[in-house]
S.K.: 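One structure coming up, written as structure tokens, with questions to follow.
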Amino acid sequence: MRQLTSERTTHPVLIFWIIVGWAGFLLLPWYGIEDFFTFEWLIDGYPFDEDYAPAGFLIAQGEKLWLAPLIIPLVLSLFALGKPKTHPAFSRFLILAGALGFGWLIIQGFAIGIRGFNADWLRALFGDLDDRQFGMGYGALICAASFLFLFTQGIAARGAINGDVFVVSSIGGIVVIVTAFVFFPIAKMLTAAFITEDGGYSAEVFASKFFDDRLWGLGCLSGARCGVAWNSLFLAVLVGLITTVLGLIFALVVTRSGFRHKRALRALTVLPIITPPFVIGLALILLFGLSGSVTVFFADVIGIQPTRWLYGLPGVLIAQTLAFTPIAFLVLIGVVEGVSPSMEEAAQTLRASKWQVFKTISLPLMRPGLANAFLLGFIESMADFGNPLVLGGNFDVLSTEIFFAIVGAQYDQGKAAVLAMVLLCFTLGAFYAQRFWLGKKSYTTVSGKGDSGVHPQMPRALSIPVLALAMLWAVFTMVVYAMIFYGSVVELWGVNNTLTFKHYVTAFSFRIEEAGIRWSGAAWDSFWTTLKIAATAAPLTAIVGLITAYLLTRQTFAGKNAFEFGTMLSFAIPGTVIGVSYILAFNVPPIEITGTGIILVVSFIFRNMPVGVRAGIASMSQLDKSLDESSLTLGANSWQTFRRIILPLLRPAILAALVYSFVRAMTAISAVIFLVSAEYDMATSYIIGRVENNDYGLAIAYSTTLIFVMLAAVGAMQLIVGRTEIGRRMSQSRTNV
Amino acid sequence: MNSYKMMLGAAALAIGSTGAAQAEKLTLYCSAQEDWCQLMANSFQDATGVEVAMTRKSSGETFAQIKAESSNPKGDVWWGGTGDPHLQAAEEGLTAEYISPMRDQLHPWAISQAESAGNKTIGIYSGALGYGFNTELLAANNLPEPTSWADLTKPEFKGHVQMANPNSSGTAYTTLATMMQLFGEDGGFDYMKSLHANINQYTKSGSAPIKAAGRGETTVGIVFMHDAVKQAVAGFPITVVAPAEGTGFEIGSMSIIDGARNMDEAKQFYDWALSADAQNLALRVNAFQVPSNMGAETSDAAPDMSAIKLIDYDFKTYGSSETRKRLLKKWDDDVSTLPQ
């Protein structure tokens, strides 16, 4: 199974990409086609019809002549064939072909749109163009990919990153897609911050919006209200800290205690992550609101006057803690499991007490996990939109302000852009603080050397409060979820408590007819769409995320920091901003995907990828480089090393990325609101519609169903991915390290 | 099947160039309640055979989307939702002018809405502003039944009143504009200030206050009366009040999007949506607004518009972005910063 890396013959990968380039140019329709996969275009005038023609046929017929220059790089690439890899012309031809082709694709794409030339100066220079072009299709896409990978192979041949084609290509690929789907739309959106009312650009507009007192006011120190920015920051720090602590507690209970119902606890901690937005908020209101059952109970028994304490910081804090603890848990569990018992055992043999071991060995080794968990909690809280909306009261935060700056009565996109920048600064600040805290220390504990210890139990002084807290939180979560389930089987939540199944029937009824099953329930359409989109997005997210993590932890290359920043960017920006910027960027050629399922999948990939990246980094920083090195010394290339050594050891991270992105795709709302279309409606936007319409029963019944579906899916993924067996005594006899 | 449609335009062009027969279609942006939108889409499809793709979003979200899509419009008709964003869209040239032959069947307010926007929009229903209170909470707190706007500023209602934030909600902006027209600009702001003292929360969304009142989270919620009626009909303990001083109202509107890809079908829908038959569909989905077609019926549960003292709401002035920005800024600076 060794790949050909001979110096004499041409690399098969190169031949492959050259063929792909020509195929994209000569065989596939160049422009986008509605309903591509019905393949009706094949019998409808292809390959001569202008709409379905590949670029080659267009040019041959004298149409879209601005595509003709692409032939040059395609021909150039052929010159590299047959030349040895070390020959300087080999890399020169490839780099030239790739750069020319890719560059020209982009230039013509942006220069010529649906109304001819896109810029006035082009019109002035060349005169009016009597032609136009639509969004790029598969032909253009495949051609672009070919140019890109020809370019990266050329770079690799020049010796970049030890001439490693896989690494250079991965970097190139990820840089391009992150640029296209993160930087480009966000840049388009953020320029709005400088646009004046009459359409010009001005820094003054930005300054006046940025230094607004409602943003930075410190009124709360003297009894009034504080600025939105401070509110968000304060809330996010609190949520980050609390979720990290709770996540660690659960991870410790699951891995290092004699607690018997670990599986139940694990399931319970995952529940909130699979809960559609608004539902936790509604349940909290029914429990602790002014007329909530707990509030009323205490009012009756103790005679406390009911208050609206829930609305504001306390409510949002509780809801976000409930919602985001599982994320911290998912990140920390891998790390806590991964801390090598050998070191802990070594300390014990040296007569350290259990407490000393925990404090000086285990906890410091968990630092990457703790830092990443905090960062995720912080960012999630910053970008969260549903909970502040329901429970915020007069406690305004950036994310809701951004949303209502765009859709509210102000229609102020510039303000939204400024607020988004502030939010971005905070997240970046947190990101760099985290890196500073981790420093340059090594946290590697899983090495190639034999390692077969068993984790010690937590010290008793720690285990009692930890268990108690975990239990308390578990009970609280259970009560909240019992409320939610109850809400789906009563006539009208909180008012008429007659038990009924009618909400489930309305949403999910079906009939078996001669022609098959007829899905007559109201929710089926959005349900199937959601499942389809989530199932498509999840594996793609995991792949992109883990490759990125691999590059970040295992490779050194110029611009690595900028690269890391870019991959985290989309996560730091609230979904609303992403939603609007995607419409702005992708409603017009060259990339025109609004109103399709693709735009939903793409937005999910780039919004959720950072979790895959973080989980991957946290796990990979524990794997000793000697593992890779021995694999490389034994003759494997970096792709084989990644595939056979790193991937199997990364199972917890893969699972975390898969689960998270699948679940997020099913429960996300803020970006989705702008991107759904008639054909691709998502479950959450449907649920919000029902909530707005007072159909709480139906909304909650739908949410409950989604929760069970996601539980099943998560379980299935766990089975498929499997568990990492780091060979340790008493756990497994098999050793695969 | 994973259907791939990257380019509506390419398809439209394909129909033109190949002459292939294809079903007529219409993309409808709908800003009314979900089931109403669904019913309108399906009924139009049944009546005309035009295939309708409907997307439901709030009027603010739809406006933001139409604006973002303006260089390459995807929608054809925007039906429903409060009038201000429709007027705003007309002002920004996002919607197209159209004079429907159905006009002579409409109430004068629906036509004046159209005329104030250069015929780029038209009224399809209207609803009066008012408020609703939770009878159980009112009794529990020993409060007198409020009947007027002035009642809400009484000191005993401190912490019991909820309204939306006019910066984020069209409903609340209508409230603000109504007070300006009822009491004059100075008097109006004085009213907003004394009301501010009693407000427990400015919600983000317009109908949220009455939903909170329904669940017993606030005593009074200032909203459009049809929203309050809906809560009462749904079974929540809500009483609807038409304030004694008189009140403003909204005009739910419809516009054709400028550059619509299916202009003929859009006009066909426009005319159909103004007919009495189409407007009677509202009765089936518990929509309690007053229809704009004089021949259409109004639900028995709906607030009786003839018994409500309606002000002569100046949509042209208060719907313009200049006035809106000025009033909102004044409210932000002078009212929202006051201690409560």
Side-chain angles (χ1 to χ4, degrees), chain A residues 31-38 44-45 49-51 114 134-135 137 214 223-224 285-286 289-291 308 311 389 392-394 400 404 406-411 492 494-496 532 536 580 583-584 587-588 592-598 673-674 676-679 681 686 689-690 692-694, chain B residues 1-11 13-14 17-18 20 27 33-35 53-58 60-61 63-65 67-69 71-72 74 84 88 137 159 165-170 172-173 200-202 204 207 211 215-218 230-231 234-236 321 324 328 332 337 339:
Chain A
Y31 292 110
I33 298 175
E34 197 175 356
D35 300 328
F36 181 89
F37 285 107
T38 57
D44 199 12
D49 185 272
E50 200 189 331
D51 295 313
I114 39 169
F134 296 113
R214 268 193 304 285
I285 289 180
L286 283 184
L290 188 63
S291 297
R308 293 171 45 88
Y311 297 92
L389 187 69
N394 292 323
T400 50
F404 285 102
I406 294 171
V407 308
Q410 287 180 317
Y411 313 121
L492 185 59
V495 173
N496 181 350
K532 233 166 31 187
T536 316
V580 173
I583 294 190
L584 286 175
N587 190 46
V588 285
E592 186 174 346
I593 49 175
T594 47
T596 65
I598 296 174
I673 273 189
F674 290 95
V676 293
S677 49
E679 209 174 323
D681 197 8
Y686 182 84
R690 306 322 296 196
E692 273 175 18
N693 199 28
N694 273 334
Chain B
M1 277 267 63
N2 188 6
S3 76
Y4 174 81
K5 52 160 212 171
M6 209 158 174
M7 268 303 308
L8 282 167
L13 213 75
S17 57
T18 59
T27 305
Q33 66 205 49
E34 172 87 30
D35 45 359
M54 185 276 290
T55 311
R56 197 217 79 92
K57 281 170 196 179
S58 79
E61 282 157 12
F63 175 82
Q65 176 160 16
K67 194 170 169 172
E69 290 175 352
S71 60
N72 186 16
K74 294 281 162 74
D84 282 345
Q88 179 81 21
L137 275 181
N165 189 323
N167 281 313
S168 63
S169 145
Y173 176 72
N200 56 35
Q201 182 188 344
Y202 289 105
K204 298 284 179 196
S207 60
K211 287 175 194 156
R215 290 195 305 262
E217 297 302 307
T218 179
K230 232 175 128 184
Q231 294 287 324
F236 292 104
S321 57
R324 181 183 14 240
L328 285 176
D332 262 346
T337 50

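Letters A, B, ... mirror the listed sequences (proteins, then strands); counts begin at 1. Hydrogens, waters and symmetry mates are skipped; everything else that's a heavy atom, side chains included, is used.
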S.K.: Can a donor-acceptor pair be found, under 3.5 Å and without considering hydrogens, that links the side chain of A:Arg308 to the backbone of B:Glu217?
M.R.: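 Side chain of A:Arg308 to backbone of B:Glu217: a pair is present.
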S.K.: Counting only non-hydrogen atoms closer than 4.5 Å, does B:Asn200 touch chain A with its backbone (N, CA, C, O), its side chain (CB onward), both, or neither?
M.R.: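 Both backbone and side chain.
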S.K.: If I take atom CG from residue A:Leu286 and atom CZ from residue B:Arg215, how far apart are they, to the nearest 0.5 angstrom?
M.R.: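 One finds 7.0 Å between CG of A:Leu286 and CZ of B:Arg215.
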S.K.: Could you pull out the closest heavy-atom pair between B:Leu137 and A:Ser291, with the gap in Å?
M.R.: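 Heavy-atom minimum between the residues: CD2-OG, 4.2 Å.
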S.K.: Go through the atoms of A:Asp681 and report whether side chain, backbone, both or neither lie under 4.5 Å from a heavy atom of chain B.
M.R.: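 No part of it gets close to chain B.
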